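Contents: one structure, followed by commentary.
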Amino acid sequence: MIYIVMIASCDKKAERSKEIISSQKTQFPKGQIIDLTHDFSEETIYWVTAKEFEMEVVAKGITDKGYYYAANNFATAEHGGTHIDAPIHFAENTQTVDEIPLSNLIGNAIKIDVSENSIASPDYLISIEDLKNWEEENGEISKGSIILLETGFSKLYPDKLKYLGTKERGEEAVKKLHFPGLAPEAAKWLVENRNIHAIGIDTPSIDYGQSQDFQSHISLLSNNIPAFENLTNLDKLPSKDFQVIALPMKIKGGSGAPLRIIAILN
């Protein structure tokens with residue numbers, strides 16, 4: 001916590017204000033840290049119509065002045081690998097990446113595990129019943145929660161055929177995508193009945209692979225609820241009682257961005 005005290009003193013030559021700042025140590029969650037982020041590399045999985053990750057080595061080695069120096073250039077689409085969908089991605093006049101409040105990206109989180117059903121059915125839709133079943137065991141989803149949906153699909157990453165349902169790329173490949181997602185009616189139920197701050201999933205999209213109209217995206221993002229996609233290590237999390245810190249690259253006007261997301265266990 002920071003305290004700021006302004007003390008004004010008069011002087012014949014000038015008037016000035018002195019700022020005295022005293023601070024106490026900031027409280028930070030203590031506990032095991034779990035990285036929920038896939039590495040970015042040439043193996044990173046992107047949407048089948050998006051530009052894939054490219055890295056160019058600019059320098060690597062001992063310079064003529066005797067010190068070691070390394071630097072790279074990289075280029076990539078906003079939406080690929082572990083990333084955030086900003087509300088503007090599917091909803092006009094909503095928040096861009098740089099406009100999302102940090103309070104929506106940091107906070108108490110829960111995990112809903114549907115992996116038993118989704119691994120058996122790649123087109124599985126996470127239902128209202130799945131959400132209510134979690135609540136029956138753990139209590140009502142708290143206001144301001146960050147929800148993480150575990151399908152088990154991160155274990156298939158980065159095998160494109162198993163993770164996406166196809167190795168093909170381009171518009172025609174979209175029809176061949178197969179992976180689980182949040183049912184549109186479940187997304188709508190969350191918006192209307194639970195005041196959540198954000199939602200994430202360990203698949204390429206919050207909508208399932210065969211979606212043609214992306215209604216889960218539209219329901220959530222229209223209400224300024226950002227989505228985290230291509231998460232990993234959700235199997236290492238409990239059902240509740242942990243915090244999430246999800247900080248994207250702050251791209252001004254961005255519809256999405258690479259994301260570094262961690263969980264801190266209580």
Side-chain angles (χ1 to χ4, degrees), residues 1-2 23-41 44-45 53 74 76 78-89 94-113 134 138-139 141-155 157 182 187 190 194-206 217 220-221 223-266:
M1 185 177 295
I2 298 175
S23 63
Q24 297 176 343
K25 187 177 291 186
T26 301
Q27 293 295 318
F28 193 81
K30 295 180 180 179
Q32 183 184 3
I33 298 174
I34 307 295
D35 193 349
L36 308 182
T37 317
H38 287 291
D39 295 336
F40 281 84
S41 71
T44 300
I45 291 181
F53 185 89
F74 73 89
T76 185
E78 293 175 318
H79 300 275
T82 304
H83 72 282
I84 190 171
D85 281 1
I88 196 69
H89 187 38
T94 54
Q95 296 162 350
T96 55
V97 170
D98 54 304
E99 294 172 335
I100 300 172
L102 290 176
S103 58
N104 282 26
L105 304 175
I106 301 172
N108 294 327
I110 67 167
K111 181 191 76 171
I112 298 175
D113 182 2
W134 185 95
N138 299 281
I141 297 168
S142 301
K143 179 181 179 180
S145 290
I146 296 172
I147 298 179
L148 303 183
L149 303 171
E150 181 188 358
T151 70
F153 259 58
S154 65
K155 295 178 181 179
Y157 193 100
L182 182 66
L190 284 171
R194 300 292 181 267
N195 186 7
I196 65 171
H197 276 179
I199 194 165
I201 194 167
D202 58 353
T203 71
S205 172
I206 199 69
H217 272 91
L220 295 162
L221 273 53
N223 288 275
N224 281 323
I225 300 172
F228 315 138
E229 296 169 338
N230 293 315
L231 304 183
T232 189
N233 289 330
L234 298 189
D235 58 314
K236 297 180 180 179
L237 302 179
S239 296
K240 59 180 182 178
D241 298 329
F242 64 95
Q243 285 78 45
V244 158
I245 299 176
L247 300 180
M249 181 186 293
K250 193 177 180 181
I251 301 174
K252 187 173 183 179
S255 72
L259 178 69
R260 187 66 183 267
I261 177 172
I262 64 169
I264 304 176
L265 308 189
N266 290 351

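Position 1 is the first residue of the sequence; numbering continues from there. Bear in mind that the values here come from a model prediction, so they are computed numbers and not experimental data.
Leu105 has its side chain within reach of Pro248: a pair of non-hydrogen atoms, C-beta onward, lies under 4.5 Å apart. You'll find the side chain of Asn266 reaches within 4.5 Å of the side chain of Gln243, heavy atoms only. With a 4.5 Å cut-off on side-chain heavy atoms, Trp134 and Ile141 count as touching.
How far CG of Asp202 is from NZ of Lys111: 9.5 Å, rounded to the nearest 0.5 Å. Expressed to the nearest 0.5 Å, how far CG of Leu149 lies from CD1 of Ile110 amounts to 8.5 Å. For the atom pair Arg194 CZ and Ile196 CD1, the distance stands at 10.5 Å (nearest 0.5 Å). Taken to the nearest 0.5 Å, the CD1 atom of Ile225 stands 10.5 Å off from the CD atom of Gln95. Here CD of Glu150 is found 7.0 Å from NZ of Lys155. Values are rounded to the nearest 0.5 Å. Leu102 CG to Leu247 CG: the interatomic distance, rounded to the nearest 0.5 Å, is 7.0 Å.
Here the shortest heavy-atom pairing between Asn233 and Asp35 reads ND2-O, 2.6 Å. Heavy-atom minimum distance, Pro87 versus Asn224: CB-OD1, 3.3 Å. Nearest heavy-atom pair across Ser142 and Ser145 is O-OG, 2.8 Å. The shortest non-hydrogen separation linking Leu182 to Leu190 is CD2-CD1, 4.3 Å. Across every non-hydrogen atom of His197 and Ser103, the tightest pair is ND1-O, 3.1 Å. Between His217 and Asp85, the shortest heavy-atom contact is NE2-OD2, 2.8 Å.
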**Test side chain to side chain contact (heavy atoms under 4.5 Å, CB included) applied to Thr44 and Thr76, step by step** = CA-CA 10 Å; Thr44 300; Thr76 185; over 6 Å; no
**Prompt:** Checking side chain to side chain contact (heavy atoms under 4.5 Å, CB included) for the pair Asn230/His83: CA distance, chi angles, key distance, verdict?
**Reply:** CA-CA 7 Å; Asn230 293 315; His83 72 282; 3.8 Å; yes
**Request:** Decide yes or no on side chain to side chain contact (heavy atoms under 4.5 Å, CB included) for Phe228 and Ile146, but give the supporting numbers first.
**Result:** CA-CA 10 Å; Phe228 315 138; Ile146 296 172; 4.0 Å; yes
**Request:** Quick one: do Glu229 and Ile206 satisfy side chain to side chain contact (heavy atoms under 4.5 Å, CB included)? Show the steps, please.
**Result:** CA-CA 7 Å; Glu229 296 169 338; Ile206 199 69; 4.0 Å; yes
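For Thr82, there are no side-chain hydrogen bond (donor to acceptor under 3.5 Å, both in side chains) partners, not counting sequence neighbours.
Classification of the Phe53-Phe40 ring pair by plane angle, with boundaries at 30° and 60°, yields tilted.
The environment of CG in Asp39 is sparse: at most 12 heavy-atom neighbours from other residues, nucleotides or ligands sit within 6.0 Å.
For His79 and Ser255, the side-chain atoms include at least one donor-acceptor pair closer than 3.5 Å.
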